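Chain identifiers are assigned alphabetically (A, B, ...) following the order of the sequence lines, protein sequences preceding nucleic acid strands; residue numbering begins at 1 within each chain. If you're wondering where the values come from, they're calculated on a predicted model, not measured in any experiment.
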2 protein chains.
Amino acid sequence: MADPKKHASLFLHEDSLHEAVELLFFAYRDFTGVADALLAEHGFGRAHHRVLHFVAQSPGLSVSELLATLRITKQSLSRVLKQLVEQGYVTSKASGQDARRRELTLTDKGQDLQNRLAKAQQDLILSAYEQAEASSVDGFRKVMLGLIQEPLDRARFAAPAPQPRALRSKGSASVANRPLDRRR
Amino acid sequence: MADPKKHASLFLHEDSLHEAVELLFFAYRDFTGVADALLAEHGFGRAHHRVLHFVAQSPGLSVSELLATLRITKQSLSRVLKQLVEQGYVTSKASGQDARRRELTLTDKGQDLQNRLAKAQQDLILSAYEQAEASSVDGFRKVMLGLIQEPLDRARFAAPAPQPRALRSKGSASVANRPLDRRR
DNA sequence: TTTTTGGGTCAGCCATATTGACTTAATATT
DNA sequence: AATATTAAGTCAATATGGCTGACCCAAAAA
């Protein structure tokens, strides 16, 4: 709205706003769908998958950090987390610094399942990337980022275009290895 | 995988596969979130929203068509559909051609709610479009389309680049006005 | 006439979410 | 040292939105 020229060009795509609503519905339905069969084999659901994903990404994160990311209540998390811990997919050990905090990590068994779940979804994304042009990937990324409302969640994703060399470490230190935000 | 050159360029973006998984999670969470407050005011949930959306898009569609799109069972749909009909958001009348079929349409009340729900989500999408470059929208669209597994659902979206003139009618006959696929 | 189809319904189950209240242990504050 | 706050866990009750299985009815098709 701020830049009238920009808005004018977007006006041409007004139908595409409606279309985008459906694209999100169908794409997300199928994106989650590819992991469901695998989860069902283990008697798990999507809630378990989300826990595995975020624990895999930030090993050692605490229960309250996980709660903030998932945006569910402690009671809701406790049920699935308890199953994952009891069945040996996740370990929960008290922190050295603060013994109240429980640091969550995946066991080998948990990592193995998470790897297979991630592969199923990443294969789908790869095939979508292959069907589009290479330039589409960056556009996809920018629009998706714009859909994320919560600034803290948006901050999880490194800036794409303007990358100060100082911030790029040698390894592929993507967002995957950065600790979650610990601010209250 | 078929084209090794293409794959090589995608290889550079391997981290982006992992990133895309999270983008989908957060973007979809916030995308659905903007409609939730409005739905809650009416005592409805996302299931009601989906019915309103698809009935609005294809007025007169049948129950079985809606079931196929939503991929839920008749029993699951019946609960929410019954509420929507009883509370005067949706009408269900027997078809002239085939009296077994019930043709679903929105009442003015239903259309009004659907308009407000759509606006909330479309405002979010517009703001995401504005934050990205204009070229990003097409990339977003192509990748999202590639994520849709079901060919019938993918066919809902008109081809973007190669548009045979014969298929383009005069009005803005977007996907919104095309009847749903009636194949089994 | 018989079968199939579209739609509806009853009954029960499961997964995932919610709120509210409470406990425990550890850390922080005063 | 006493008190408050925090992180985590738990119990109980409730809601939503899925599911299966078993039916029924009426209309259309075979």
Practice task
Remember a base hit wins even if backbone is also touched, and classify A/Gln83 as base, sugar-phosphate or nothing at under 4.0 Å, heavy atoms.
Solution key: nothing
Exercise for the section: Going 5' to 3' through nucleotides 1-15 of chain D, assign each nucleotide B (protein heavy atom under 4.0 Å from a base atom), S (under 4.0 Å only from sugar-phosphate atoms) or - (no protein heavy atom that close). Expected result: -----BSBBBB----
Roughly, in whole Å, what's the span from [atom1] in [X] to [atom2] in [N]?
{"X": "A/Arg79", "N": "C/dA17", "atom1": "CZ", "atom2": "P", "value": "7 Å"}
{"X": "A/Leu67", "N": "C/dT16", "atom1": "CG", "atom2": "P", "value": "16 Å"}
{"X": "B/Arg71", "N": "D/dT20", "atom1": "CZ", "atom2": "P", "value": "14 Å"}

Is there any salt bridge (charged side-chain N to carboxylate O under 4.0 Å, His left out) pair reaching into [range], and which pairs are they, with sequence neighbours excluded?
{"range": "residues 112-121 of chain A", "value": "A/Asp112-A/Arg116, A/Lys119-A/Asp123"}
{"range": "residues 34-57 of chain A", "value": "A/Asp36-A/Arg46"}
{"range": "residues 75-87 of chain A", "value": "none"}

Exercise for the section: Within residues 44-52 of chain A, find the residues that approach DNA chain C with a heavy atom at under 4.0 Å, and present them sorted by residue number. Expected result: A/Gly45, A/Arg46, A/Ala47, A/His48, A/Arg50
Completion exercise
With sequence neighbours left out, the residues meeting side chain to side chain contact (heavy atoms under 4.5 Å, CB included) with A/Ser92 are A/Val85, A/Arg102, A/Leu104
Handout entry: Residues which pass ring-ring contact (aromatic ring centres under 6.0 Å, His included) with A/His49, listed by chain and number, not counting sequence neighbours
Key =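 ring-ring contact (aromatic ring centres under 6.0 Å, His included) check on A/His49 returns nothing, list empty.
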Practice task
Under the ring-ring contact (aromatic ring centres under 6.0 Å, His included) rule, collect the residues that match up with B/Phe44, sequence neighbours excluded.
Solution key: B/His48, B/Tyr89
Practice task
Would you tell me if any nitrogen or oxygen in the side chain of A/Thr73 comes within less than 4.0 Å of OP1 or OP2 on C/dT18?
Solution key: yes
Practice task
Only counting residues at least two apart or in another chain, list the ones meeting salt bridge (charged side-chain N to carboxylate O under 4.0 Å, His left out) with B/Arg29.
Solution key: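 With neighbours one apart ignored, the set is A/Asp153.
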